[in-house]
Amino acid sequence: MNNPDLVQGLKAGDQSAYRKLVEIYQQMVINTALGFVGNIENANDVTQEVFLEIFRSIHSFREQSALSTWIYRITITRSLNHIRREKRFSGQFHESADESFSLSDNPEQKLEEADRKKILHNAVNSLPRNQQIALTLHNFEELSYKEIASVMNRSVSSVEALIFRARKNLQKKLWTWYKNSQL
Amino acid sequence: MNCSQTRAKLMDYQSDRLDPQATFEVENHLSDCEQCQGFARELSLFEAIMQDEKNHQPSPSLTNRIMNQIAQEPKAIIHLPQRRIPAFAAVAAIALLVLIGVFGGIKLGDQITSGLVNTPARQAEISSLLNELDHEPLEQMLFNLNNSEQ
């Protein structure tokens, strides 16, 4: 089913079109959300919110951009809203130690890895908003500069500059953490 | 290359974004600097986390969960396509309405006043009044009008 047919089916409320949409785009959505929120549980919540949002607002999709671009924008918005809600409730960026999603079987290493994930996502989420978005789409979703420019409605050169600054800032934040951890 | 310069290039070094000369300089510094080695190890662990999160596979049950939530939503209302009126057409329509209103108002006013003014007898009456106004003080005219009504 190509995209115009899919969009028509979605606008007509066709359940099979929605199932197709979820099958095609759920990995993209969950990986993007994971890049922002940092753990699987929250990423799953965001993913469900994104597809519900698509269902509720498909009629506002004017097909002037690609469907994937529109879905990326909804995912980013929902992810950032989720982070804001988590901060409000917990007073800080809260992330459950995601031991089920680990590179290691060693319990001590799993805990270290969970801490490291928290540190990484805290550092990324503390970047200026546009740098955070550009870096997450580039590093976690591997979008090209052109694709990111389309999602963020910016020029390619602007995206290049954002990612350059984001990487430098991220490196500084991680260095600060490392230096303090050695004291 | 000093520590600060090396650290600034470490992320690019680990992503293979450096040219051969810069790569050589970073590796040269790392071979002699324990602190930068330690930081490079940490960065590679962070990089591994990012790589791992890229490859996450969604749970097979996620599709069903999402579809169940959608099924519980109120039925989608089919929106009729909204035809957009071109801007110039809207402006032209408004201008036409204004002109009709102005012209119609003028015509209506003409019809009302013509009933009062345009008969020869009425014109003569008004002319006589106008002629007398030059010679008659206002108070006298009002007095006379008052008397004639009685």
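By convention in this document, chain letters (A, B, ...) are assigned in the order of the sequence lines, proteins followed by strands, and residues within each chain are numbered from 1.
Here CZ of Phe36(A) is found 12.0 Å from CD of Glu53(B). Values are rounded to the nearest 0.5 Å. Rounding to the nearest 0.5 angstrom, the gap separating the CG atom in Leu21(A) from the CE atom in Met67(B) is 9.0 Å. Separation of atoms CG (Asn139(A)) and CE (Met11(B)) is listed at 6.5 Å; rounding is to 0.5 Å. Note that CG of Leu174(A) is 9.0 Å distant from CD of Glu42(B), once rounded to the nearest 0.5 Å.
Of the atoms belonging to Leu10(B), not a single heavy atom falls under 4.5 Å from chain A. The part of Ile30(A) that comes within reach of chain B is its side chain, from C-beta onward, which places non-hydrogen atoms under 4.5 angstrom from that chain. Heavy atoms closer than 4.5 Å to chain A are found nowhere in Arg41(B), neither backbone nor side chain. When heavy atoms are compared at a cutoff of 4.5 Å, Glu47(B) does not approach chain A at all.
Between Gln69(B) and Gln48(A), the closest heavy-atom pair is OE1-OE1, 3.1 Å. For the pair Gln171(A) and Ala8(B), the tightest heavy-atom approach, listed with the atom from each and the gap, is OE1-CA, 3.5 Å.
Glu23(A) and Thr63(B) share no side-chain donor-acceptor pair at under 3.5 Å.
A donor-acceptor pair is defined here as one N or O able to donate and one able to accept, closer than 3.5 Å; no such pair exists between the side chain of Lys117(A) and the backbone of Ile49(B).
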Q: For the pair Arg167(A) and Ser15(B), evaluate side chain to side chain contact (heavy atoms under 4.5 Å, CB included) and give the outcome as yes or no after the intermediate values.
A: CA-CA 11 Å; Arg167(A) 288 171 67 84; Ser15(B) 310; 3.4 Å; yes

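Between chain A and the residues Ile70(B), Asn64(B), Leu43(B), the most heavy-atom pairs under 4.5 angstrom are made by Ile70(B).
A tilted orientation is assigned to the rings of Tyr178(A) and Phe39(B), their planes being inclined by 30° to 60°.
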